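Beneath this line is the structure, given in structure tokens, with notes to follow.
Owing to the predicted nature of the structure, the values given are computational and were not obtained by experimental measurement.
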Amino acid sequence: MGIKGLMKLLADNAPNGMKEQKFESYFGRKIAIDASMSIYQFLIVVGRSGTEMLTNEAGETTSHLVGMFSRTIRLLEAGIKPVYVFDGKPPDLKKQELAKRYSRREDATDDLAKATESGNKEDIEKFSKRTVKVTSQHNDDCKKLLRLMGVPAVEAPSEAEAQCAALCKAEKVYAVASEDMDSLTFGAPKFLRHLMDPSSKKIPVMEFDISKVLEGLELSMDQFIDLCILCGCDYCDSIRGIGPQTALKLVRQHGSMESILENINKERYQIPDDWPYEEARRLFKEPLVVTDDEQTELKWAAPDEEGLVNFLVKENGFNIDRVTKAIEKIKTAKNKSSQGRLESFFKPVSTSAPVKRKGTKCVLVSPSPVTKFKTLSLRSRPGVLGRLIFPSLELGSNYSVPLSRHFCFGI
DNA sequence: AGTCTGACTCAAGACGTT
DNA sequence: TGCTCTTGAGTCAGACT
DNA sequence: AATGTCC
């Protein structure tokens, strides 16, 4: 469920923390993506009609493979280097929420059975969507596909969104792409929405910058986390009568959850018994993630052509011509990507300068320092010789060029 | 009158061809 | 041990200020 | 821009 109403709250109260961007402006960028959510969407929408899905000869669903294959190619062709992050075990606090989803799915399964019996086509269509579930088989299939395509995958120990944010904080990726607003609560420095929307929809990519969001809200990160808990998150109930607006007012007024709880009218607002807001806060602030370089080293390798043909064509019934054409796309995309990246060093402004928007703000008078170098990534990584840091003209961001063979920059 | 919550609903891909 | 794992957006009624 | 197909 993410954070209830956070999107609208930010649009109204921190508009400077978000800006529209063109899809093309992410050329050469590494982007972290929550794999489970992508798979779920593919299962719901790709080739599904009623209870029919795309399948291989054995009758196993292949919708997730079709979707992930074409989307990943689309990203690579745009010069984007995706890394998919898979879910681990959900935290205990999320179990109530998951139980709700489980029972909803059971209800939908019953409804679907009834609809099937009476032959109501519309109901079959509606309820079959709600019974969709991502299994470990789907996840394993996609991990295998990505490995064969030469695209990295990361196993999160717990929440994928938290791991995505950690990769971004560690500057292993430029941004996290998701439709889930939790990414911001987990502290992802840069967060993209609508990255995957087709250009035909005319929805621009929306880029959020967490530091500017906090500036706009006039809150610290800790206060922002308390705000999100009050709005309503997956980890604990919200307080009846408090929505986004009141939550923001309360946090601004009192400064912290403790102070709010001391000062609000307990008659008017009933605090649930055993309300685990402290643990929820801890899950957002210090989530279980992997940070060591062994497990988060990201490599984009050449595709395994023979492996792809075996897996997709022989095992899953894909059309061989499509697959071989797709492999060619991957290879040429990688060549373009490695060339274009260097050229783009000298004109990064053209794609990201905020030319649009009421021209009240000028980049040149930005209060924040333009050169914000971070050299943390230099320390003790085996096999890395060094790393050049180039400032870009963009605010607060930089490019980094690894000198190690360990990193394949889009060969 | 206007603000806000909360319960409810829906919708969710990508490509080539016409 | 069993079992698991995605969401926002819009609308509207009704309670509150 | 709508439409059918992908497996």
Considering only distance and modelled atom types, tabulate donor-acceptor pairs under 3.5 Å from the side chains of residues 45-58 of chain A, sequence neighbours left out.
{"residue": "A:Arg48", "atom": "NH1", "partner": "A:Ile44", "partner atom": "O", "Å": "2.2"}
{"residue": "A:Arg48", "atom": "NH2", "partner": "A:Glu125", "partner atom": "OE2", "Å": "2.4"}
{"residue": "A:Asn56", "atom": "OD1", "partner": "A:Ala58", "partner atom": "N", "Å": "3.0"}
{"residue": "A:Asn56", "atom": "OD1", "partner": "A:Gly59", "partner atom": "N", "Å": "3.1"}
{"residue": "A:Asn56", "atom": "OD1", "partner": "A:Glu60", "partner atom": "N", "Å": "2.9"}
{"residue": "A:Asn56", "atom": "ND2", "partner": "A:Glu60", "partner atom": "OE1", "Å": "3.0"}
{"residue": "A:Asn56", "atom": "ND2", "partner": "A:Asn316", "partner atom": "OD1", "Å": "3.1"}

Side-chain donor-acceptor contacts of residues 148-160 of chain A below 3.5 Å, not counting sequence neighbours, with atom names and distances?
{"residue": "A:Glu155", "atom": "OE1", "partner": "A:Lys143", "partner atom": "NZ", "Å": "3.2"}
{"residue": "A:Glu155", "atom": "OE2", "partner": "A:Lys143", "partner atom": "NZ", "Å": "2.9"}
{"residue": "A:Ser158", "atom": "OG", "partner": "A:Lys89", "partner atom": "O", "Å": "2.9"}
{"residue": "A:Glu159", "atom": "OE1", "partner": "A:Lys94", "partner atom": "NZ", "Å": "3.0"}
{"residue": "A:Glu159", "atom": "OE2", "partner": "A:Lys94", "partner atom": "NZ", "Å": "3.3"}
{"residue": "A:Glu159", "atom": "OE2", "partner": "A:Tyr235", "partner atom": "OH", "Å": "2.6"}

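If you take NZ of A:Lys4 and P of B:dC8, they are 12 Å apart, rounded to a whole angstrom. Rounded to a whole Å, the NE2 atom of A:His138 is 13 Å from the P atom of C:dT6. A:Asp87 has its CG atom 15 Å from the C1' atom of C:dC3, to the nearest Å. Straight-line distance from the CZ atom of A:Arg193 to the P atom of C:dT7: 12 Å, rounded to whole Å. Across the protein-nucleic acid pair, A:Glu106 atom CD and C:dC3 atom C1' stand 12 Å apart, rounded to whole Å. As rounded to whole Å, 13 Å separates atom P of C:dC3 from atom NZ of A:Lys95. The distance from atom CD1 of A:Ile39 to atom P of C:dT7 is 14 Å, rounded to the nearest whole Å. Put simply, CE on A:Met7 is 14 Å from C1' on C:dT7, counting in whole angstrom units.
At the heavy-atom level, A:Gly88 lies under 4.0 Å from base atoms of the strands shown. Within the nucleic acid shown, A:Tyr102 comes within 4.0 Å of sugar-phosphate atoms alone, with no base atom in reach, counting heavy atoms only. Nucleic acid contact class of A:Thr62 (heavy atoms, under 4.0 Å, all strands): sugar-phosphate only. Within the 4.0 angstrom heavy-atom criterion, no nucleotide atom of any strand lies near A:Ile73.
No more than 12 heavy-atom neighbours from other residues, nucleotides or ligands sit within 6.0 angstrom of CD1 on A:Ile320.
Using a 4.5 Å heavy-atom cutoff, the side chains of A:Lys190 and A:Glu207 are in contact.
Applying the side chain to side chain donor-acceptor pair (under 3.5 Å) test to every pair with at least one member in residues 237-249 of chain A, sequence neighbours left out, gives no pairs at all. Evaluation of the side chain to side chain donor-acceptor pair (under 3.5 Å) test over residues 261-275 of chain A, restricted to residues two or more places apart or in two chains, returns A:Ser259-A:Asn263.
A gap of 25 Å separates the P atoms of B:dA11 and D:dC6, to the nearest Å. C:dT4 and B:dA14 are spaced 28 Å apart, taking the P atom of each and rounding to whole Å. To the nearest whole angstrom, the two P atoms, one in D:dC7 and one in B:dC10, are 31 Å apart. Nucleotides B:dT17 and C:dT6 place their C1' atoms 33 Å apart, quoted to the nearest Å.
Geometrically, A:Arg322 does not engage A:Phe69 in a cation-pi contact defined by less than 6.0 Å to the ring centre and at most 45° from the axis.
Within residues 304-318 of chain A, the residues having any heavy atom under 4.0 Å from DNA chain D are, by residue number, A:Asn316, A:Gly317, A:Phe318. Residues of residues 245-254 of chain A having a heavy atom closer than 4.0 Å to DNA chain B, listed by number: A:Gln245, A:Thr246.
Here the straight-line distance linking atom CD of A:Glu328 with atom CD1 of A:Ile330 works out to 9.5 Å at 0.5 Å rounding.
Salt bridge annotation for A:Arg74-A:Glu77: absent, with no cationic side-chain nitrogen under 4.0 angstrom from a carboxylate oxygen.
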### Query
Which letter, B, S or -, goes with each nucleotide of nucleotides 11-18 of chain B from 5' to 3', with contact meaning a protein heavy atom under 4.0 Å?
-BBSSS--
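Closest contact between the side chain of A:Met37 and the listed nucleotides C:dC5, C:dT6, D:dC7 involves C:dT6.
No donor-acceptor contact under 3.5 angstrom links the side chains of A:Asp222 and A:Ser220, judged on distance only. In the model, A:Gln223 has no side-chain atom that pairs as donor or acceptor with a side-chain atom of A:Ser256 under 3.5 Å.
By the side chain to side chain donor-acceptor pair (under 3.5 Å) test, A:Asn319 is found to be paired with no residue, residues two or more places apart in sequence or in another chain being considered. In terms of the side chain to side chain donor-acceptor pair (under 3.5 Å) criterion, residue partners of A:Asn310 (sequence neighbours excluded) are, by chain and number, A:Lys314. A:Asn13 is linked by a side chain to side chain donor-acceptor pair (under 3.5 Å) to nothing, counting only residues two or more places apart in sequence or in another chain. Take A:Thr135 and apply the side chain to side chain donor-acceptor pair (under 3.5 Å) test, not counting sequence neighbours, and it matches A:His138.
In DNA chain C, stems built from 3 or more consecutive Watson-Crick or G-U wobble pairs, each with both distances under 3.5 Å, span B:1-11 with C:7-17.
Pairing of B:dC15, defined by two Watson-Crick or G-U wobble distances under 3.5 Å, is identified with D:dG4.
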